[in-house]
> 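Mind having a look at this structure? Questions to follow.
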Amino acid sequence: MNNGQKNHIIELLRNSHFVKVLLIGFLVLLLQIPIVKIKGVIKERQQTREEAMTEVTSKWGKNQVLTGPSIIVPYINRSYQAQNRAQSQSGVDYAVFLPESLKINGKVNTQLLHRGIYKIPVYTLALDIRGGFAAPDFSEWTIAKEDILWDRAYLTMGITDAWAITKSPSLTWNDKKMNFTPGAGEFGRNKQGLNAKLKDNLDGSNFNFSLSMELNGSVGAFFTPSGRDTEIQLRSDWRSPSFQGTYLPTSRTVNKDGFEATWNVPFLSRNFPQKWQTSSYTNMDQMIESSGFGVEMISPVDQYRMSQRSVKYQILFLVLTFATLWLFEILAKIRVHPIQYLLIGMGMCMFYLLELSLAEHLGFIQAYSIASAAIVILVTSYSAAVLKASKRAVIVGAVVTLLYVYLYILLMIEDYALLAGSAGLFVALAAIMFLTRKVDWYSLTDIVVLKATIADKE
């Protein structure tokens, strides 16, 4: 192969639009290297935020889950004594009785605590708890009266972080004042909570109770439907509640002043009974926990989650921006060097880093606006030099601007992101097909070959 043929091949490859498309695809793949690094930074900063949140909440109070109240009555299980089972050498088992009615009114006052650049939402929860119990009934079970240990009966209430109680509660039991002691009691000795001895206070057919307490918490406040009829009412100054759990509120109001929500849970919608023997239901704790419901105090916009979602669309941004430059090469007969493509691509990648770093200080919306404006100005200014015409650069800047507006819409309408994304890709492809519909790709190749042949003859 002589030098002329080599020059012919080199010129053909150099001017081949098919080769250019392959090269652009390679550059898009090459730019995934910094994108992967940026994803790592987002994950690292998110982990740092989680560590700051864990540190603050461990001292203030964690996600609070209130379980109960319930009456626990120990009794001697003769089958345990006969079998000498290892889990209960003493032969003592427990019967659990839930209230017939349970009504909880709560007020959640929130505030933001700072740990470095991070703001962690925490709250103080004031609770007024009222209800009534029927007398514990053992008639359905084959338990002798003398085996029931009434003198060891107690009322218990589980609290995830009982140490975060800020106001010591007192119990009113049938108009009688009683004091709580720490811990969930004899049966739940490994759990946090409160318990009050009911010795000599279980005479009668029904019992009314009331108590009030205040406790600190963070992230969320949850309850379990312990009553045969359970009603929970919460009000708060937090304006962005996220209602979670097995049951959603039967009524809710959310406005600029906060929210109010009411849950009404009837007995038949629960997956656990009104009373049981602990030896018969070994998984009852899991059943009760799985029925929990409540509210989370989430940030209106999580900058790390939004940044992660933004990065998912980076290939679309790179492809469409490069496609715009490539169309100028085709339609306006302008040469754009691969390094110029690469530099513009690096600028597009910088957007995600700017967005993340600014969002930690300004909030996501402000950070997105500033970062996108900075990249639009950068790309437009550079394109003016690359494309050798300000009008062409304005078109590139307009395309990039539309992309950022489009991305913002995708981020705000998460439920319809797939639909909007598919429609956007279709429109982009249709636009490229429309603009290149009259391009004679074979004639472009013939011109390149002709030029190379003439040069070779000369």
> Could you go step by step and tell me if Glu44 and Gln46 meet the side chain to side chain donor-acceptor pair (under 3.5 Å) rule?
CA-CA 5 Å; Glu44 179 183 347; Gln46 188 175 23; over 6 Å; no
> Could you walk me through whether Phe222 and Val295 pass the side-chain contact (heavy atoms from CB on, under 4.5 Å) test, one step at a time?
CA-CA 6 Å; Phe222 289 83; Val295 60; over 6 Å; no
> How far apart are the closest heavy atoms of Met284 and Phe272, and which atoms are they?
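Closest approach of Met284 to Phe272: SD-CB, 3.5 Å.
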> Once rounded to the nearest 0.5 Å, what's the spacing between atom OG of Ser269 and atom OH of Tyr247?
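Rounded to the nearest 0.5 Å, the OG-OH separation comes out at 3.5 Å.
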> Could you tell me whether the side chains of Gln192 and Thr160 share a donor-acceptor contact shorter than 3.5 Å?
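No, no side-chain donor-acceptor pair sits under 3.5 Å.
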> Within the 3.5 Å criterion, strictly below it, is a donor on Thr181 or Asn195 matched to an acceptor on the partner's side chain?
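Indeed, the side chains of Thr181 and Asn195 share at least one donor-acceptor pair under 3.5 Å.
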> Testing the 3.5 Å rule here: is there a donor-acceptor pair between the side chains of Arg45 and Tyr118?
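There is such a pair between these side chains.
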> Could you tell me whether a side-chain N or O of Asp257 sits under 3.5 Å from a main-chain N or O of Asn255, the two making a donor and an acceptor?
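Flag not set: sc Asp257 to bb Asn255 has no pair under 3.5 Å.
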> Backbone N or O of Ser139 within a donor-acceptor pair of the Asp137 side chain at under 3.5 Å?
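Confirmed, Asp137 side chain pairs with Ser139 backbone.
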> Suppose we screen for side chain to side chain donor-acceptor pair (under 3.5 Å). Which residues come up paired with Asp128, at least two apart in sequence or across chains?
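Counting only residues at least two positions away or on another chain, Asp128 forms a side chain to side chain donor-acceptor pair (under 3.5 Å) with Arg130.
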> Any idea which heavy atoms bring Pro225 and Arg270 closest together, and the distance?
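Shortest heavy-atom separation between Pro225 and Arg270 comes out as O-CD, 2.9 Å.
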> Under the side chain to side chain donor-acceptor pair (under 3.5 Å) rule, what do Glu355 and Gln303 come out as? Steps first, then yes or no, please.
CA-CA 9 Å; Glu355 176 192 53; Gln303 63 264 26; over 6 Å; no
> Within the distance-only criterion (no hydrogens, no angle test), does the side chain of Asn174 pair as donor or acceptor with the backbone N or O of Lys176 below 3.5 angstrom?
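No, the answer is negative, given that no donor and acceptor are paired below the 3.5 Å cut-off.
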> Step by step, work out the side-chain contact (heavy atoms from CB on, under 4.5 Å) result for Asn109 and Ser236.
CA-CA 6 Å; Asn109 295 315; Ser236 173; over 6 Å; no
> Do Glu260 and Arg252 meet the salt-bridge criterion of a basic N to acidic O distance under 4.0 Å?
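No, no charged N to carboxylate O under 4.0 Å.
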> Measuring from Tyr368:OH to Ser310:OG, what's the distance to the nearest 0.5 Å?
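Between atom OH of Tyr368 and atom OG of Ser310 there are 6.0 Å.
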> Taking all heavy atoms of Tyr75 and all of Ile148, pick out the closest pair and write down the distance.
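It is CB-CA, 4.0 Å.
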> Do Arg152 and Val73 pass the side-chain contact (heavy atoms from CB on, under 4.5 Å) test, and can you show the C-alpha distance, the side-chain angles, and the key distance before you say yes or no?
CA-CA 7 Å; Arg152 289 164 59 178; Val73 182; over 6 Å; no
> Measure from the side-chain N and O atoms of Thr67 to the backbone N and O of Met157, and report whether any donor-acceptor pair falls under 3.5 Å.
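Answer holds: no.
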> Are Ile365 and Tyr408 side-chain neighbours, meaning at least one heavy-atom pair lies under 4.5 Å?
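Of all side-chain heavy-atom pairs linking Tyr408 with Ile365, at least one is under 4.5 Å.
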> In this structure, are over 12 heavy atoms from other groups packed under 6.0 Å from Glu140 atom CD?
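Not more than 12 within 6.0 Å, no.
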> Which word best sums up how the rings of Trp141 and Phe138 line up, parallel for under 30°, tilted for 30 to 60°, or perpendicular for over 60°?
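Correct class here is perpendicular.
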> Please determine whether side chain to side chain donor-acceptor pair (under 3.5 Å) holds for the pair Glu50 and Thr48, giving the CA-CA distance in whole Å, both sets of side-chain angles, and the decisive distance to 0.1 Å.
CA-CA 5 Å; Glu50 295 298 328; Thr48 302; over 6 Å; no
> Donor-acceptor pair, Thr166 side chain versus Glu214 backbone, under 3.5 Å?
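Side chain of Thr166 to backbone of Glu214: a pair is present.
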> CG/Leu318 to CD1/Ile35 distance, rounded to the nearest 0.5 angstrom?
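Rounded to the nearest 0.5 Å, the CG-CD1 separation comes out at 6.5 Å.
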> So do Leu358 and Phe364 actually touch side chain to side chain, heavy atoms under 4.5 Å?
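When only atoms from C-beta onward are counted, Leu358 and Phe364 do not touch, as no gap falls below 4.5 Å.
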> Kindly give the heavy-atom pair with the smallest separation between Ser170 and Phe180, and that separation in Å.
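Closest heavy-atom pair between Ser170 and Phe180: C-CE1, 4.1 Å.
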> Rounded at 0.5 Å granularity, tell me how far CG in Asn271 sits from CD1 in Ile288.
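It is 9.0 Å, given to the nearest 0.5 Å.
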> Looking at Leu198, Leu211, Thr172, which one forms a side-chain contact (heavy atoms from CB on, under 4.5 Å) with Met178?
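Result: among Leu198, Leu211, Thr172, Leu198 is the only option passing the side-chain contact (heavy atoms from CB on, under 4.5 Å) with Met178.
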> So does Ile395 get a backbone contact from the side chain of Arg392, meaning a donor-acceptor N/O pair under 3.5 Å?
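Such a contact is absent between Arg392 side chain and Ile395 backbone.
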> Output every pair passing side-chain hydrogen bond (donor to acceptor under 3.5 Å, both in side chains) with a member in residues 25-40, not counting sequence neighbours, ordered by first then second residue.
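Counting only pairs at least two positions apart or across chains, the side-chain hydrogen bond (donor to acceptor under 3.5 Å, both in side chains) contacts touching residues 25-40 are Gln32-Gln314.
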> Taking the six-membered ring of Phe267 as reference, does the NZ or CZ atom of Arg228 fall below 6.0 Å from its centre and within a 45° cone about the axis?
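Yes; both conditions hold, so Arg228 lies above the ring face of Phe267.
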> Hey, is the main chain of Asn216 close enough, under 3.5 Å, to the side chain of Thr124 for a donor-acceptor pair?
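Side chain of Thr124 to backbone of Asn216, a donor-acceptor pair under 3.5 Å: no, none is there.
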> Between Ser290 and Met287 (side chain of the first, backbone of the second, donor and acceptor by atom type, cut-off under 3.5 Å), is there such a pair?
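Yes, because the side chain of Ser290 sits within donor-acceptor range (under 3.5 Å) of the backbone of Met287.
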> Just checking, any donor-acceptor pair under 3.5 angstrom between side chains of Glu289 and Ser291?
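Short answer, no.
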> Would you say Gln233 and Trp263 make side-chain contact, with heavy atoms under 4.5 Å?
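No, their side chains stay 4.5 Å or more apart.
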> Taking the six-membered ring of Phe97 as reference, does the cationic atom of Lys275 (NZ for Lys, CZ for Arg) lie under 6.0 Å from its centre and within 45° of its axis?
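So Lys275 doesn't make the cation-pi contact.
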> Taking the side chain as every heavy atom from C-beta outward, state whether Ile344 and Leu325 have any atom pair closer than 4.5 Å.
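Yes, side chains in contact.
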> If we count only N and O atoms by modelled type, under 3.5 Å, do the side chains of Gln64 and Tyr123 hold a donor and an acceptor together?
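Side-chain D/A pair, Gln64 to Tyr123: absent.
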> Do you know which two heavy atoms are closest between Thr230 and Ser226, and how far apart they sit?
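Taking every non-hydrogen atom into account, OG1-N, 3.7 Å.
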> When the ring planes of Phe133 and Phe209 are compared, do they come out parallel, tilted or perpendicular, using 30° and 60° as the limits?
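Phe133 vs Phe209 ring planes: tilted.
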> Does NZ or CZ of Lys145 come closer than 6.0 Å to the centre of the six-membered ring of Trp150, within 45° of the ring's axis?
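Negative - Lys145 is either too far from the ring of Trp150 or too far off its axis.
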> For the residue pair Leu171 and Leu155, establish whether any side-chain heavy-atom pair is separated by less than 4.5 Å.
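They are in contact (side-chain heavy atoms under 4.5 Å apart), so the answer is yes.
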> Quick check: does any side chain N or O of Trp60 sit under 3.5 Å from a backbone N or O of Val122, one acting as donor and the other as acceptor?
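Between the backbone of Val122 and the side chain of Trp60 there is no qualifying donor-acceptor contact (under 3.5 Å).
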> Establish, yes or no, whether a centroid distance under 6.0 Å links the rings of Phe207 and Trp173.
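Phe207 vs Trp173: aromatic centres under 6.0 Å.
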> First locate atom CG of Asp161, then atom CG of Leu215, and finally report the distance between them rounded to the nearest 0.5 Å.
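Here the rounded value is 9.0 Å.
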> Donor-acceptor pair, distance only, cut-off 3.5 Å: does the side chain of Asp151 make one with the backbone of Lys199?
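Judged by distance alone, no pair lies under 3.5 Å.
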> Could you verify whether a donor N or O on one side chain and an acceptor N or O on the other, from Asp93 and Thr278, lie under 3.5 Å apart?
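A pair is found: one side chain offers a donor N or O, the other an acceptor, under 3.5 Å apart.
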> Looking only at non-hydrogen atoms, find the nearest pair between Val396 and Ser383 and report the distance.
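Smallest heavy-atom distance, with atoms named: CG1-OG, 3.5 Å.
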> Are any non-hydrogen side-chain atoms of Val400 and Phe317 less than 4.5 angstrom apart?
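The answer is no; the side chains never approach within 4.5 Å.
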> So do the side chains of Ile232 and Thr262 get within less than 4.5 Å of each other, counting heavy atoms only?
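No - every pair of side-chain heavy atoms lies 4.5 Å or more apart.
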> So Leu194 and Pro182, do their side chains get closer than 4.5 Å, heavy atoms only?
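Result no, sub-4.5 Å side-chain heavy-atom pair not found.
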> Are the aromatic rings of Phe351 and Tyr404 close, with centres under 6.0 Å apart?
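Yes, the ring centres sit under 6.0 Å apart.
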> More than 12 heavy atoms of other residues, nucleotides or ligands under 6.0 Å from CG of Asp237: yes or no?
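It does: Asp237 CG has more than 12 such atoms within range.
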> Which value, rounded to the nearest 0.5 Å, describes the distance between Leu23 atom CG and Phe322 atom CZ?
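Result: 10.0 Å between the selected atoms.
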